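For ligands, and for the atoms within them, numbers begin at 1 and follow the listed sequence. Quick caveat, the model's predicted, so the values are computed rather than measured.
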Amino acid sequence: MNRRAFVRTSASVALGGAAAWPKLLARHPADRTRLILLGTGGGPRPRTNRTASSQVIVVNNAAYVVDCGDGVARQLAAAGIPLTTLRHIFITHHHSDHNADYGTLIQLAWAVGLETRLDTWGPPPLDKITRLFLEMSAYDIRIRIADEGYPPLAPLVHTHELTHGGTVMTDDAVKVTAALVHHPIVEPAFAYRFDCPDRSIVISGDTAFSDSLIQLASGADVLVHEAMYLPGVDRLAARVPNHPGLRQHLLASHTSAEDAGRVAQAAGVKLLVLSHLVPADDPTITDEMWSAAARVHFRGPVIVGRDLLEV
Ligand SMILES: [Zn+2]
Ligand SMILES: [Zn+2]
């Protein structure tokens with residue numbers, strides 16, 4: 001186990017407000033566990049202001065990516081995380097706003113020089129998705145091997161299908177634990193907890209209010225929780241007339257910002273980060289409105305996520 005110095009997240013820092021975070025974090029030691037929000041918008045709709053769901057945790061120069069929404073490889077590049085440091089991919093569930101660029105991330109990491117083992121974790125049919133993506137991309141892979149001397153890609157990729165909660169993996173720096181969450185009708189859907197040398201980080205994935213997530217997140221330093229702003233949901237549903245089940249799906253399968261605060265309070269987390277925001281692009285909903293909703297039940301600090309924010 002890595003014995004690096006323990007760097008505690010300071011609540012007083014978080015209370016300084018979201019705008020203060022990036023500069024303050026720049027003064028942390030270089031070997032601190034990093035969490036970068038790559039995409040913070042909920043749902044598959046491409047937007048100019050937020051990309052689809054993804055985040056990366058970096059420990060000891062190894063990147064652990066959670067979810068692969070549209071544009072994840074480009075967001076990693078924008079965050080300054082070399083794709084060759086990719087070691088693990090975790091998929092929370094197989095909605096396309098979480099997995100659309102899963103295969104693309106693997107292919108592009110290899111294309112820019114990944115030569116080391118890559119483990120991927122997530123619900124079925126992860127094996128089939130991986131296999132079919134490699135098959136779909138076989139032409140590019142084959143000609144790059146023949147023409148440019150790349151190593152074969154398939155032997156680098158090791159998939160692990162998860163069907164229940166519990167310990168997912170451990171290495172010399174990180175322990176990852178999964179919990180089943182409630183995201184009907186997608187089953188199974190997971191939240192992941194990362195216990196790193198200097199702090200613990202929980203990623204909710206997509207979930208309705210979930211007791212299992214409260215247990216998973218108990219005492220965590222950071223909880224990244226999906227969130228809806230309920231008054232905006234009706235406006236969003238009205239903008240999408242050809243999707244009559246949208247409002248019902250959102251209310252049954254996701255969590256309001258108020259309930260995200262309730263989960264954070266019940267779990268006793270030290271910092272709540274709202275992400276996977278729904279609506280993601282309603283200009284009438286300000287950061288203060290998001291955080292005020294979460295603070296109805298959560299007495300700790302709240303950050304409203306934005307793309308490429310380091311927490
Ligand atoms: Zn989603
Ligand atoms: Zn989903």
### Message
Within the 4.5 Å heavy-atom criterion, are Leu118 and Leu86 side-chain neighbours or not?
### Response
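Yes, close enough: below the 4.5 Å cut-off.
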### Query
Can you find a pair of side-chain heavy atoms, one from Tyr192 and one from Thr92, that are under 4.5 Å apart?
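A side-chain contact under 4.5 Å exists here.
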### Query
Below 6.0 angstrom between ring centroids: does that apply to His95 and His249?
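Yes; His249 has its ring centre under 6.0 Å from that of His95.
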### Query
Does the separation of the ring centres of His225 and His276 fall below 6.0 angstrom?
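Between His225 and His276, the centre distance exceeds or equals 6.0 Å.
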### Message
Checking one value in my table: which N/O/S atom of Asp206 lies closest to the Zn ion (ligand 2)?
### Response
OD2
### Query
Of all N/O/S atoms in His95, which lies nearest to the Zn ion (ligand 2)?
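His95's closest N, O or S atom to the Zn ion (ligand 2) is named ND1.
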What is the name of the N/O/S atom in [X] that sits closest to the Zn ion (ligand 1)?
| X | answer |
| --- | --- |
| His276 | NE2 |
| Asp97 | OD2 |
| His98 | NE2 |

### Message
Please report, to 10°, the angle around the Zn ion (ligand 2) from atom NE2 (His183) across to atom NE2 (His93).
### Response
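My answer is 100°, to the nearest 10°.
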### Message
Could you go through Asp127 and Thr159, starting from their C-alpha distance and side-chain angles, then the distance that decides it, and tell me whether this counts as side chain to side chain donor-acceptor pair (under 3.5 Å)?
### Response
CA-CA 6 Å; Asp127 289 343; Thr159 61; 2.4 Å; yes
